[in-house]
Amino acid sequence: MFTKKALITKWVLYSAALILFILLQQVLNALPAVWGVSPFLMPIIVALVAALEGPVPGTIFGICIGFFCDLIGGGIFSGIYTISFFCIALAISIISKDWVMHNIFGSLIYALISFFILDVFQTLFLLLFKGAELMVILSLAGREIAISILFTIPVFFLYNYLHRLFRYD
């Protein structure tokens, strides 16, 4: 079992890694868009931490990141990230409990699931309340996933390394 100090140290390091990726996200947003979109790293981070940490810590982490993303804006409606990241973290932590794949392949699958969940929320909102066309939404979502999924590898290696530092058996 973890000591309180080790547990706090682990989550401080997870938060430091998150800050690093938030800074990377800001740099990516400032660069010219590729195919009209910029990568979005937060769903990948939520999915991978939920897969590594399990239902309770992973879901709390997802809610906190979602709340933070909603505070800084950018979502199609207020609260989208809190709701969708909660669902992502819960779904991934439950899936990874029975289907443990703490490797690149599993991380790519978890990242794809996270984007699927986020895009379902966004698509439903845009279709029901904004009258957007489905093909335009799907095209935008597909381009965002294609650009973002590349960042699964560095996110996986950093968080997996931190997780292994504090793993107990």
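Treat the numbers as computed from the prediction; the structure is a model and nothing was measured.
- Here the side chain of S93 pairs a donor or acceptor atom with the backbone of L90 at under 3.5 angstrom.
- Taken to the nearest 0.5 Å, the OG atom of S84 stands 13.0 Å off from the CZ atom of F116.
- In terms of heavy atoms, D119 sits closest to A141 at OD2-CB, 3.4 Å.
- To the nearest 0.5 Å, the span separating CZ on F68 from OH on Y81 amounts to 12.0 Å.
- Between A146 and L150 the shortest heavy-atom distance is O-CG, 3.9 Å.
- S114 approaches A47 most closely through the heavy-atom pair CB-CB, 3.8 Å.
- Panel note: side chain S148, backbone P39; no donor-acceptor pair is recorded below 3.5 Å.
- A donor-acceptor contact shorter than 3.5 Å is absent between the side chain of D70 and the backbone of S78.
- Interatomic distance, CD1 of I104 versus OG1 of T152, reported as 8.0 Å (0.5 Å rounding).
- For the atom pair L140 CG and E144 CD, the distance stands at 6.5 Å (nearest 0.5 Å).
- Contact check for L158 versus L20: side-chain heavy atoms found under the 4.5 Å cut-off.
- For the pair I88/F115, no side-chain contact is recorded, criterion being any heavy-atom separation below 4.5 Å from C-beta on.
- With hydrogens and angles disregarded, a donor-acceptor distance shorter than 3.5 Å links the side chain of Q25 to the backbone of L41.
- Ring planes of F61 and W11: tilted class, angle from 30 to 60°.
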- Item | From CA spacing to verdict: side chain to side chain contact (heavy atoms under 4.5 Å, CB included), L7, K10 | CA-CA 5 Å; L7 190 63; K10 176 176 80 167; 4.2 Å; yes
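- Panel note: side chain Y159, backbone L18; a donor-acceptor pair is recorded below 3.5 Å.
- A chain of hydrophobic side-chain contacts below 4.5 Å, direct or via other Ile, Leu, Val, Met, Phe, Trp or Tyr residues, connects V49 to L24.
- With hydrogens and angles ignored, the 3.5 Å screen pairs a side-chain donor or acceptor of R143 with a backbone N or O of W35.
- V155 and L118 fall within a single hydrophobic cluster, where Ile, Leu, Val, Met, Phe, Trp and Tyr are joined by side-chain heavy atoms under 4.5 Å apart, directly or via other members.
- Taking hydrophobic clusters as Ile, Leu, Val, Met, Phe, Trp and Tyr residues chained together by side-chain heavy-atom distances below 4.5 Å, I113 shares a cluster with M42.
- Using a 4.5 Å cut-off on side-chain heavy atoms (C-beta onward), I145 and F40 make no contact.
- A single hydrophobic cluster is seen to contain both F125 and L127, as judged by linkage of ILVMFWY side chains at heavy-atom distances under 4.5 Å, directly or through other members.
- By the 6.0 Å contact criterion, CZ on F67 is open, its count of non-hydrogen atoms from other residues, nucleotides or ligands being 12 or less.
- To the nearest 0.5 Å, the span separating CZ on F77 from CD1 on I83 amounts to 5.0 Å.
- Evaluated for a side-chain contact (heavy atoms from CB on, under 4.5 Å) with L48, the options P43, S96, S107 yield exactly one hit, S107.
- The distance between the ring centers of F156 and Y161 does not fall below 6.0 angstrom.
- Rounded to the nearest 0.5 angstrom, I65 CD1 and S15 OG are separated by 8.5 Å.
- Side-chain atoms of I63 and F85, non-hydrogen and from C-beta on, never get closer than 4.5 Å to each other.
- No continuous path of ILVMFWY side-chain contacts below 4.5 Å connects I147 to I149, so the two sit in separate hydrophobic clusters.
- Q122 has its side chain within reach of I80: a pair of non-hydrogen atoms, C-beta onward, lies under 4.5 Å apart.
- When all heavy atoms are compared, the tightest approach of G62 to V46 is CA-CG1, 3.9 Å.
- In plain terms, the two heavy atoms of A50 and A89 that are nearest each other are CB-O, 3.5 Å.
- Between Y110 and I92, the shortest heavy-atom distance links the atoms O-CD1, 3.6 Å.
- Between the side chain of S139 and the main chain of V136, no donor-acceptor pair closer than 3.5 Å is present.
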